[in-house]
Amino acid sequence: MGFRETGVIKVGELERLGLMPSRERLKKGPVVIAECPEEIPCNICVDACPFKAISMDKIYGIPRIDWDKCIGCGVCVAYCPGLALFVVDLSKYGDKAYVTLPHEFYPPPRKNMTVKLLSRDGRVLGAGRVVKVWSYNNTWVVTVEVPKEYAMEVRGIWVEE
Ligand code: SF4
Ligand code: SF4
């Protein structure tokens, strides 16, 4: 079953739709992944990117990333109303990666906090450390350190009271 039946997109589907950067690009440094495969009338991310790295052929098109222009700054993550943009950084030495994701629940995450790492379908994958937090328009943009093998699976966090 695909994402239209399950509501949860898989890495293989992102690859088939051309929405995943190459392994070589991923290893170079932080880069955004737009997990937004449906044609919807939204193009906020196109104007949000200060580096003109996101484009769309029509207002209801699929966002396409120029992964050579993207520096992984995370600005678009804060703007996306669909919470569909994530920055993955596989360039770190050792067995850790960074994932930057949107978060819109209370309590707010804080730097150095340990939080639960959630998969696309809400399963707890383990625990990770918050390395950076900032907010824009009531969306927290959170960078968490995760085990490298979960970099393409962690797409949410849970902050315990
Ligand atoms: S992460 Fe930054 S550079 Fe990359 S697409 Fe988003 S806003 Fe543009
Ligand atoms: S802002 Fe978010 S929901 Fe809108 S097109 Fe871009 S990625 Fe999709």
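Note that ligands are numbered from 1 as they come in the structure, with each ligand's atoms numbered from 1 the same way.
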Could you enumerate the protein N, O or S atoms under 2.8 Å from atom 6 (Fe) of ligand 1, written like residue then atom name?
Cys76 SG
Apart from Leu118 itself, residues in the same hydrophobic cluster as defined by side-chain heavy atoms under 4.5 Å
Val124, Trp158
Indicate every side-chain donor-acceptor pair of residues 36-53 with a distance under 3.5 Å to a residue at least two apart or in another chain.
| from | atom 1 | to | atom 2 | distance (Å) |
| --- | --- | --- | --- | --- |
| Glu38 | OE1 | Arg4 | NE | 3.3 |
| Glu38 | OE1 | Arg4 | NH2 | 3.1 |
| Glu38 | OE2 | Arg4 | NE | 3.2 |

Hey, does Met56 sit under 4.0 Å from ligand 2 if you only count heavy atoms?
yes
Measure the shortest side-chain to side-chain distance between Leu90 and Lys148 over non-hydrogen atoms and say whether it is less than 4.5 angstrom.
yes
I'd like to check Lys116 versus Glu160 (side-chain heavy atoms, cut-off strictly below 4.5 Å). Are they in contact?
yes
Return a table of donor-acceptor pairs under 3.5 angstrom between the side chains of residues 136-144 and protein atoms on other chains or two or more places apart.
| from | atom 1 | to | atom 2 | distance (Å) |
| --- | --- | --- | --- | --- |
| Thr139 | OG1 | Glu104 | OE2 | 2.5 |
| Thr143 | OG1 | Thr100 | OG1 | 2.7 |

Leu26, Ile65: one ILVMFWY side-chain cluster at the under-4.5 Å cut-off?
yes
Check for me, please, whether Trp67 and Met20 land in the same ILVMFWY cluster - side-chain distances under 4.5 Å, paths through other members count.
yes
Report the nearest protein non-hydrogen atom to [atom]: residue, atom name, distance rounded to 0.1 Å.
atom: atom 5 (S) of ligand 2; value: Cys42 O, 3.3 Å
atom: atom 8 (Fe) of ligand 2; value: Cys36 SG, 2.4 Å
atom: atom 2 (Fe) of ligand 2; value: Cys80 SG, 2.3 Å

Which of the ligand 2 atoms, numbered from 1, are nearer than 4.0 Å to a heavy atom of Pro81
1 (S)
Please work out, at 4.0 Å between heavy atoms, whether the side chain, the backbone, both, or neither of Ala34 comes within that distance of ligand 2.
neither
Quick one: does any side-chain atom of Glu35 pair with a main-chain N or O of Phe86 as donor and acceptor, under 3.5 Å?
no
Sidechain-backbone polar pair: Arg120 side chain, Arg155 backbone, donor-acceptor under 3.5 Å:
no
Counting from 1 in the order shown, the ligand 1 atoms closer than 4.0 Å to a non-hydrogen atom of Pro50 are 7 (S)
